[in-house]
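None of the values given here were measured: they were computed from a predicted structure. Reckoned from all heavy atoms, side chains included, excluding hydrogens, waters and symmetry mates. The chains referred to below are lettered A, B, ... by the order of the sequence lines, with proteins before strands, and numbering in each begins at 1.
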There are 2 protein chains.
Amino acid sequence: MTITIYDVAREANVSMATVSRVVNGNQNVKPATRQKVLAVIERLDYRPNAVARGLASKKTKTVGVIIPDISNVFYAELVRGIEDIATMYRYNIILTNSDQQEEKEVQLLSTLLSKQVDGIVMMSDYVSEEMLHEMNRANAPVVLAGTVEHSNSFPSVNIEYREAAIDAVNRLIQNGHKRIAFISGSISSPINRDFKLAGYEEALENADIEVDEDLIVGVDNTYDDGLAAWEQLCKLDNPPTAFFAGSDEIAIGLIHGAQDSGLNVPNDIEIISFENSKLARMVRPQLTSVVLPLYDIGAVSMRLLTKFMNKEKIEEQNVVLPYRIEERNTVK
Amino acid sequence: MTITIYDVAREANVSMATVSRVVNGNQNVKPATRQKVLAVIERLDYRPNAVARGLASKKTKTVGVIIPDISNVFYAELVRGIEDIATMYRYNIILTNSDQQEEKEVQLLSTLLSKQVDGIVMMSDYVSEEMLHEMNRANAPVVLAGTVEHSNSFPSVNIEYREAAIDAVNRLIQNGHKRIAFISGSISSPINRDFKLAGYEEALENADIEVDEDLIVGVDNTYDDGLAAWEQLCKLDNPPTAFFAGSDEIAIGLIHGAQDSGLNVPNDIEIISFENSKLARMVRPQLTSVVLPLYDIGAVSMRLLTKFMNKEKIEEQNVVLPYRIEERNTVK
DNA sequence: ATGAAAGCGCTAACAA
DNA sequence: TTGTTAGCGCTTTCAT
């Protein structure tokens with residue numbers, strides 16, 4: 001039925017070892033034999049069975065990817081970066097969605113390991129103790145993409161979130177704002193609390209602006225949450241005049257909330273985002289945003305993973321990528 | 001080093017066959033033995049090797065997915081639908097991006113088959129002859145998601161694109177428009193030419209409106225292309241007053257193009273889109289759009305695939321899902 | 001209910 | 001340069 005390396009060997013009058021050699025590009029094959037074998041492979045339309053290969057070699061040429069949700073542009077960009085580099089190094093990726101559920105993450109990790117993936121790249125707002133434990137016992141390298149884990153005990157690729165947040169908020173402070181709100185995903189996750197929020201607070205303190213808890217709201221990273229946050233904050237006695245948004249969707253919700261209230265962005269309200277997905281250009285006014293290079297984070301993570309898989313020397317396992325602020329029209 | 005079924009068998013004083021039985025939930029095991037084996041599995045933290053299992057059983061519990069580009073919201077939604085159902089049936093997915101390159105599609109298909117996937121779901125604007133040929137020789141079932149192939153010789157999941165296009169254009173005609181433009185992805189792909197464009201033309205003809213080639217433009221499905229299409233058409237002697245856009249990004253580009261020219265949507269210009277991604281609500285005015293149920297198409301495709309993989313009876317291999325028009329604010 | 005043994009299709013020593 | 005031969009870790013008859 002299916003044709004195997006054994007069929008090719010027989011037809012070509014060589015041993016299966018020789019066929020294996022030509023398939024794997026081993027140089028120890030006489031050109032003439034190689035041609036002969038190649039011809040038979042062509043004629044029989046032989047296709048190596050990667051599963052058998054994986055069992056024998058203990059390498060599957062596939063890596064696992066654990067992300068919160070592929071239908072979110074944010075993660076989709078990241079995955080594209082991972083996939084492009086994976087392809088370049090001849091790996092395929094098994095994609096899984098965790099929806100940020102710790103239990104699911106652990107279970108996905110387990111499934112991926114049972115499938116003998118050669119490595120894993122994982123992204124999450126928060127790495128639980130159990131996950132950390134499982135990652136430690138894993139027999140495949142795992143790299144964290146855009147994911148902070150305070151001990152830095154795992155290879156990772158990130159940007160200086162805190163510095164970036166400070167820069168972003170300073171941008172607003174420079175324009176004279178005293179009432180600056182911070183709207184982001186759940187404040188309880190380390191990335192939001194210890195980095196973005198911390199940077200926000202530091203920037204305010206440096207400018208002698210009092211931190212007002214009323215101006216800090218943790219929601220989800222969605223458009224509707226941005227809209228809702230606007231509704232909530234605009235009815236404050238002393239409402240904010242500027243916003244630091246944790247994601248583009250939130251920022252766009254804020255813009256529309258303000259516009260629906262008859263306000264002008266950036267003349268009445270200024271907004272800076274932290275993401276810069278393709279959405280940033282698809283609003284009016286276009287979003288000023290800290291550039292979170294998702295594609296690059298994915299690509300670099302995958303590249304880093306290949307180094308681990310090939311046991312190459314690693315100069316720095318916690319990579320920090322540069323960031324910048326893309327000036328557009330929501331900040332004057 | 002790694003612990004195998006053999007280790008478990010030894011520790012539990014049973015044969016590996018028995019361990020295999022308990023791992024696979026075979027009922028022919030005395031409850032007492034089952035407990036004993038389970039305990040050892042727990043203690044040794046045994047994890048079955050899916051690759052070995054795949055080689056022995058010829059089933060890998062993984063399916064391949066070939067889509068144009070995961071970083072496009074459109075396809076990302078589809079993939080989420082596929083993944084959710086796959087998870088439900090205990091399959092994992094290997095995700096690949098083809099960028100709509102025929103050659104790459106063929107090669108990806110080949111790679112996936114060599115990895116012994118149990119099935120494949122594929123999406124593309126156009127199924128080439130070669131691809132069709134390769135799909136026919138594949139020893140795994142493949143279903144086409146949101147992909148038209150005129151012979152309908154492969155299982156597929158779609159909506160009535162042509163009818164939907166007619167409805168959409170009629171919506172514009174009802175409002176008195178005579179100059180209606182059609183902007184979509186490449187006109188040379190069957191889905192655009194034979195369905196959306198054909199529907200557009202049919203609707204116009206039914207209303208005795210002459211089809212004007214100047215009002216038909218095939219670009220890519222991006223925001224910038226929408227913007228560019230606006231620039232191109234607004235300087236016509238007799239410019240269009242309404243647009244039928246093939247995707248949300250194009251539609252948003254059109255809206256912004258019109259607004260940047262000082263025009264009001266929907267008072268001066270009306271626009272209807274064909275997609276209804278989450279982007280549709282994230283513009284002002286919000287997009288009126290034909291609902292292309294991407295998530296559902298993905299989910300149903302995957303479900304259909306499981307039927308083929310389990311050799312269940314298939315009542316209808318070319319599934320047609322319902323569509324509707326979501327009325328929002330770009331059409332009066 | 002359980003075990004023995006033969007593969008699944010390939011890689012990787014080791015020989016020759 | 002080429003062939004022989006063990007496995008890789010599991011499923012699956014076929015016995016018992």
Side-chain angles (χ1 to χ4, degrees), chain A residues 1-38 40-41 44-62 90 110-111 113-118 139-140, chain B residues 1-38 40-41 44-62 90 110-111 113-118 139-140:
Chain A
M1 176 69 230
T2 60
I3 109 113
T4 75
I5 199 175
Y6 198 81
D7 299 315
V8 176
R10 180 169 28 72
E11 291 289 311
N13 286 311
V14 296
S15 71
M16 50 188 293
T18 298
V19 177
S20 176
R21 287 191 186 95
V22 349
V23 167
N24 292 294
N26 185 313
Q27 288 309 300
N28 288 338
V29 182
K30 196 162 56 177
T33 0
R34 178 186 307 282
Q35 291 317 314
K36 188 171 57 174
V37 172
L38 250 19
V40 175
I41 286 178
L44 265 42
D45 193 35
Y46 165 68
R47 184 174 314 176
N49 180 324
V51 172
R53 213 199 283 238
L55 183 58
S57 69
K58 296 178 170 305
K59 294 196 177 317
T60 56
K61 279 294 186 179
T62 112
R90 314 226 109 81
S110 174
T111 303
L113 292 175
S114 82
K115 293 220 169 174
Q116 313 300 117
V117 293
D118 295 339
N139 49 332
Chain B
M1 175 69 232
T2 61
I3 108 112
T4 75
I5 199 174
Y6 198 81
D7 300 314
V8 176
R10 182 169 27 71
E11 290 290 311
N13 285 311
V14 295
S15 72
M16 50 189 294
T18 298
V19 178
S20 176
R21 287 191 187 96
V22 347
V23 167
N24 292 295
N26 186 313
Q27 288 308 301
N28 288 339
V29 182
K30 195 163 56 177
T33 0
R34 178 186 307 283
Q35 290 317 314
K36 189 172 56 175
V37 172
L38 251 17
V40 175
I41 286 179
L44 265 44
D45 192 36
Y46 166 67
R47 184 176 310 172
N49 180 323
V51 173
R53 212 200 285 240
L55 182 58
S57 71
K58 295 179 171 304
K59 294 196 178 319
T60 55
K61 280 295 188 177
T62 112
R90 313 226 110 82
S110 174
T111 303
L113 292 174
S114 82
K115 294 221 170 173
Q116 313 301 116
V117 293
D118 295 339
N139 49 333

Starting at atom [atom1] of [X], determine the distance to atom [atom2] of [N], rounded to an integer number of angstrom.
X: A/Lys36; N: D/dT1; atom1: NZ; atom2: C1'; answer: 12 Å
X: A/Lys115; N: D/dC8; atom1: NZ; atom2: P; answer: 23 Å
X: A/Met16; N: C/dC8; atom1: CE; atom2: C1'; answer: 11 Å
X: B/Asn49; N: C/dC10; atom1: CG; atom2: C1'; answer: 14 Å
X: B/Leu55; N: D/dT11; atom1: CG; atom2: P; answer: 11 Å
X: B/Arg53; N: D/dC8; atom1: CZ; atom2: P; answer: 18 Å
X: A/Gln116; N: D/dG9; atom1: CD; atom2: C1'; answer: 9 Å
X: A/Ile5; N: D/dC8; atom1: CD1; atom2: C1'; answer: 15 Å

### Query
To the nearest 0.5 Å, what is the distance between OH (B/Tyr46) and CD1 (B/Ile5)?
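Separation between the atoms: 4.5 Å.
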
#### Entry: A/Leu55 side, atom CG; B/Leu55 side, atom CG - distance, nearest 0.5 Å
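The distance works out to 5.5 Å.
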
### Task
Applying side-chain contact (heavy atoms from CB on, under 4.5 Å), run through A/Ile3 and A/Val8 and close with a yes or a no.
CA-CA 8 Å; A/Ile3 109 113; A/Val8 176; 3.8 Å; yes

Using side-chain heavy atoms (C-beta onward) and a distance below 4.5 Å, is [X] in contact with [Y]?
X: B/Glu11; Y: B/Leu44; answer: yes
X: A/Arg53; Y: A/Val23; answer: yes
X: A/Lys115; Y: B/Lys61; answer: yes
X: B/Val37; Y: B/Ile41; answer: yes
X: A/Asn49; Y: A/Thr4; answer: no
X: A/Val14; Y: A/Thr33; answer: yes

### First encountered from the 5' end of DNA chain D, between B/Val51 and B/Ala17
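Closest to the 5' end, via its nearest nucleotide, is B/Val51.
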
### Task
From the options D/dT11, D/dG9, C/dC10, select the nucleotide whose nearest atom is closest to the side chain of A/Ala56.
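Shortest atom-to-atom distance from the side chain points to C/dC10.
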
### Query
Out of C/dC8, C/dA4, C/dT11, which nucleotide sits closest to the side chain of B/Ser15?
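Looking only at side-chain atoms, B/Ser15 lies closest to C/dA4.
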
### Message
Please give me every residue in residues 18-35 of chain B whose heavy atoms get under 4.0 Å of an atom in DNA chain D, ordered by residue number.
### Response
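Output list: B/Ser20, B/Asn24.
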
### Task
Could you tell me, to 10°, how much the axis swings from one end of the helix from C/dA1-D/dT16 to C/dA16-D/dT1 to the other, five pairs per end?
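Roughly 30°, once rounded to the nearest ten degrees.
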
[N] phosphate, OP1 or OP2, under 4.0 Å from [X] side-chain N/O:
X: A/Ser57; N: D/dC8; answer: no
X: B/Lys58; N: D/dT12; answer: no
X: B/Tyr6; N: D/dG7; answer: no

#### Entry: Donor-acceptor contact below 3.5 Å, side chain B/Thr60 vs main chain B/Gly54
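Answer holds: no.
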
### Message
Mind checking if B/Val14 touches a base, just sugar-phosphate, or nothing, with heavy atoms under 4.0 Å?
### Response
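The answer is sugar-phosphate, as B/Val14 gets under 4.0 Å only of primed atoms, P, OP1 or OP2.
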
